[in-house]
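Bear in mind that the values here come from a model prediction, so they are computed numbers and not experimental data.
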Amino acid sequence: MFKKFRPLGDYILVKRVESEEKTAFGIIIPDAAKEKAQTGVVIAVGQGRLQEGKITPLTVQVNDTVYFGKYTGTDAGDNYLIVRESDILGIIEE
């Protein structure tokens, strides 16, 4: 959807990680029954949070895999989501 997108401030563009199509027993889950993923890969980050006249860089970086709340952010289509850094609950480390 986005050719180039640069979030402003402490906003972050995340691409949701697709959930499994089948259960461990091989049962296929229809799209209507799937819940939206709460994990995603950071695609782009803003400059940082403005505090007391200074910009504080964000903790999250491009290509980090993150976990966010179920009803967090703004849907940007094609499995993209725009969230604030404060909406991200944690970085998933492998």
>> Quick check on the hydrophobic clustering: are V14 and I91 connected, directly or via other members, by side-chain heavy-atom contacts under 4.5 Å?
In response: yes

>> So, taking the atom named OG1 in T56 and the one named CZ in R49, what distance separates them when rounded to the nearest 0.5 Å?
In response: 6.0 Å

> For the atom pair OH (Y11) and OG1 (T74), what is the distance rounded to the nearest 0.5 Å?
Replying inline: 7.0 Å

> Hey, what do you get for CG (D75) to CZ (R16), rounding to the nearest 0.5 Å?
Replying inline: 6.5 Å

>> Assess the residue pair I92 and V66 against the criterion (side chain to side chain contact (heavy atoms under 4.5 Å, CB included)); give the C-alpha distance rounded to whole Å, side-chain angles, the decisive distance to 0.1 Å, and a yes or no.
In response: CA-CA 5 Å; I92 300 170; V66 295; over 6 Å; no

>> For the CD atom of Q47 and the CD1 atom of I55, what is their distance to the nearest 0.5 Å?
In response: 5.0 Å

> Can you list the other members of the hydrophobic cluster that holds L8, where links are side-chain heavy atoms under 4.5 angstrom apart?
Replying inline: none

>> Taking salt bridge (Lys or Arg N to Asp or Glu O under 4.0 Å) as the definition, give me every residue that meets it alongside D10, ordered by chain and number, with sequence neighbours left out.
In response: R84

> Taking all atoms of both residues into account, what is the closest heavy-atom pair of D87 and G73, and its distance?
Replying inline: OD2-N, 4.5 Å

> In Å and rounded to the nearest 0.5 Å, what is the CG to CD1 distance from D64 to I43?
Replying inline: 11.0 Å

> Near F68 CZ, under 6.0 Å, is it more than 12 heavy atoms from other residues, nucleotides or ligands?
Replying inline: yes

>> Evaluate L58 against I12 for side chain to side chain contact (heavy atoms under 4.5 Å, CB included), listing each step before the verdict.
In response: CA-CA 9 Å; L58 302 179; I12 299 166; 4.1 Å; yes

>> Go through it in stages, so that I can follow the logic: the residues are I88 and V60, the test is side chain to side chain contact (heavy atoms under 4.5 Å, CB included), and I'd like the CA-CA distance, side-chain angles, deciding distance and then a yes or no.
In response: CA-CA 9 Å; I88 292 177; V60 178; 4.0 Å; yes

> Going through the distances and angles, do L13 and Y80 end up as a side chain to side chain contact (heavy atoms under 4.5 Å, CB included)?
Replying inline: CA-CA 7 Å; L13 178 66; Y80 287 96; 4.0 Å; yes

